[in-house]
Number of protein chains: 2
Amino acid sequence: MTERKTIDRKALIVEAARKSLTMFGYKATTMDVVSKLAGVGKGTIYTFFATKEELFGEIMRQLTQEMKAIVVERIVDSRSFFDNLTDALHGVLQFRETHELVIKLTQELRELGTPAVREALTELENAVLLFIEKEVQKAQDKGDIRRMDPKLTAFMMIRMYVTLAIDWSAQHQPLTREEVEEQFTSLFRYGICPAGMQGEPDTGAGAVPSGS
Amino acid sequence: MTERKTIDRKALIVEAARKSLTMFGYKATTMDVVSKLAGVGKGTIYTFFATKEELFGEIMRQLTQEMKAIVVERIVDSRSFFDNLTDALHGVLQFRETHELVIKLTQELRELGTPAVREALTELENAVLLFIEKEVQKAQDKGDIRRMDPKLTAFMMIRMYVTLAIDWSAQHQPLTREEVEEQFTSLFRYGICPAGMQGEPDTGAGAVPSGS
DNA sequence: TTCTGACCAAAATTCATTTTTAGTCATTTG
DNA sequence: CAAATGACTAAAAATGAATTTTGGTCAGAA
């Protein structure tokens, strides 16, 4: 194999495309721009990816994979659903770059309606939806949460998350990661009834009867 | 005064415009169409409304007014926040025509991005937001709900409502009015914790779920 | 006086022309 | 000689001049 000055050109290309996507969005990420950013001839891109869509697809697959890895490693079957949820959410919010790429694409979809982006984001959302749905199902079977349609519950969770982390920022001071977490988990945990009327708020050392 | 065969042309025009708006949206509602539907010369419209925007504004003002009336008459200060919330939501959901106009305009905004529609819907949302915010504030002062940012809470409520009543239908069987009500109020009341763990669920016999 | 619809300027739409971009391939390079 | 390249091409997108549609007016009919 050619092993001398051979830097991994494929990785270089993916990296460059990802940066461009995050900064300029899908439409403005032309193959010429990617080749320049990667410091590679345009033809080289086509030795690895047959089309622009395929390159884009690879990046979305990577992104989905990374998100899933972050979440999965924070889910421990012996812990309560809510502890897992809080941790998983925390992990996702912390993962800056992934998050920003998704936000950029969402913006582009809204203002340009780029079909490839719509498709990609739908696919991503479906993966997330399916994952949450299964977790909700498990939590129900364990009795951690009350009985309700897991599909609808998963759907509500995603929307609530987007509302807090993205939509709110459109017209207000963005919430910090901590605030998003706090709002998200406490709403799902307690609803909006006064503290003390039901399960315990985070203050106090009282432990919920869960594993561990 | 002229009281013979004088039908209220202004009302005729508003009615026609409202119908057209609900059926065809803002862009397709031309002044010619409105005049034909109202059975009135086009010039007549301009004796009541200086511009198309003004006619549209009048309809939106009417709509806001009607919605507000429905809600206000269902809010009784002596009742709990949740009882009021449930009733108010019920009222809004029942008010079909208003609802459909808003849905039509929302669709148009999404696919055409019509600026006048964006503006109108933003204004409507702000009115609703302000109203809910005040109610939340009152409920907090009464101790009906726990302490949290009223602006953010109001924002979340609207989004949650839209998620249930509109967004969900995009890819699934629409929820019935009853289902929307049930999902909305129970989430805010109890979160998603198991029944019996907190406030009173509607099922009479409190059966503890799978004990572990 | 009240109402109307032909009329006009401005906005939107169409479509032929130009520009940009995804994808190819003959040539170069290590 | 296999891997990399960038000038090249066909197709898609941007542009803008020509044409149609629409908001708004007003002289005259009812």
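In what follows, chains are A, B, ... by sequence order, proteins preceding strands, each numbered from 1.
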Participant: Both B:Gly41 and A:Gly43 contact DNA chain C. Which one's nearest nucleotide lies toward the 5' end?
Facilitator: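 This one resolves to B:Gly41.
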Participant: Figure out the CG/P separation between A:Leu12 and D:dA3, and round it to whole Å.
Facilitator: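 For the pair A:Leu12 CG and D:dA3 P, the rounded distance is 17 Å.
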Participant: When you measure from the side-chain N and O atoms of A:Arg9 to the phosphate of D:dA3, is any distance below 4.0 Å, counting only OP1 and OP2?
Facilitator: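 So the side-chain polar atoms of A:Arg9 never come under 4.0 Å of the phosphate oxygens OP1 or OP2 of D:dA3.
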Participant: How long is the line joining CG of B:Leu55 and C1' of D:dG24, in whole Å?
Facilitator: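 Atom CG in B:Leu55 sits about 13 Å away from atom C1' in D:dG24.
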Participant: Looking just at side-chain N and O atoms, do A:Glu100 and A:Thr22 make a donor-acceptor pair shorter than 3.5 Å?
Facilitator: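 There is no such pair between these side chains.
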Participant: Ignoring hydrogens and geometry, is there a side-chain-to-backbone donor-acceptor pair from B:Ser20 to B:Ala17 under 3.5 Å?
Facilitator: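 No, B:Ser20 side chain to B:Ala17 backbone: no donor-acceptor pair under 3.5 Å.
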Participant: Please check if the side chain of B:Asp144 supplies one atom and the backbone of B:Phe82 the other of a donor-acceptor pair under 3.5 Å.
Facilitator: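 Not a single qualifying donor-acceptor pair exists.
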Participant: C:dA11, OP1 or OP2 - any side-chain N/O from B:Lys27 closer than 4.0 Å?
Facilitator: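 Indeed not, no polar side-chain atom of B:Lys27 lies that close.
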Participant: Report yes or no: is there a donor-acceptor pair, N or O only, under 3.5 Å between the side chain of A:Lys42 and the base of C:dG23?
Facilitator: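 Counting by modelled atom types and ignoring angles, a donor-acceptor contact under 3.5 Å is found here.
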Participant: Identify which nucleotide among C:dA22, D:dG23, C:dT4 has an atom closest to any side-chain atom of B:Val40, counting heavy atoms from C-beta outward.
Facilitator: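 Comparing C:dA22, D:dG23, C:dT4 against the side chain of B:Val40, the answer is C:dT4.
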Participant: In whole angstroms, how far is the P atom of D:dG24 from the CZ atom of B:Phe56?
Facilitator: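 Interatomic distance, CZ of B:Phe56 to P of D:dG24: 14 Å.
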Participant: Output the rounded distance in Å from CD (A:Glu53) to P (D:dA12).
Facilitator: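 Those two atoms, CD and P, are 13 Å apart.
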Participant: Without decimals, in angstroms, what is the distance between B:Ile45 CD1 and D:dT22 P?
Facilitator: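 These atoms are roughly 14 Å apart.
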Participant: If the plane angle is over 60° it's perpendicular, under 30° parallel, otherwise tilted; pick one for B:Trp168 and B:His172.
Facilitator: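 Judged by the thresholds at 30° and 60°, the geometry between B:Trp168 and B:His172 is parallel.
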Participant: Pick base, sugar-phosphate or nothing for B:Thr51, based on heavy-atom distances below 4.0 Å to the nucleic acid.
Facilitator: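 Sugar-phosphate: the residue B:Thr51, judged by heavy atoms under 4.0 Å, touches backbone atoms but no base.
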Participant: Between A:Arg9 and A:Thr47, is any side-chain donor less than 3.5 angstrom from a side-chain acceptor?
Facilitator: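 There is no such pair (donor and acceptor under 3.5 Å, judged by atom type) between the side chains of A:Arg9 and A:Thr47.
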Participant: Take atom CG of B:Asp32 and atom C1' of D:dT20, then tell me their distance rounded to the nearest Å.
Facilitator: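 About 14 Å, once rounded to whole Å.
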Participant: OP1, OP2 of C:dC3 versus side-chain N and O of B:Thr44: anything below 4.0 Å?
Facilitator: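 Result: no.
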Participant: Between atom CZ in B:Phe49 and atom C1' in D:dT22, what is the gap in whole Å?
Facilitator: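 Distance check: B:Phe49 CZ to D:dT22 C1' gives 19 Å.
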Participant: Round to a whole Å and report the spacing from CZ of A:Phe48 to C1' of C:dA22.
Facilitator: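 Computing the A:Phe48:CZ to C:dA22:C1' distance gives 18 Å.
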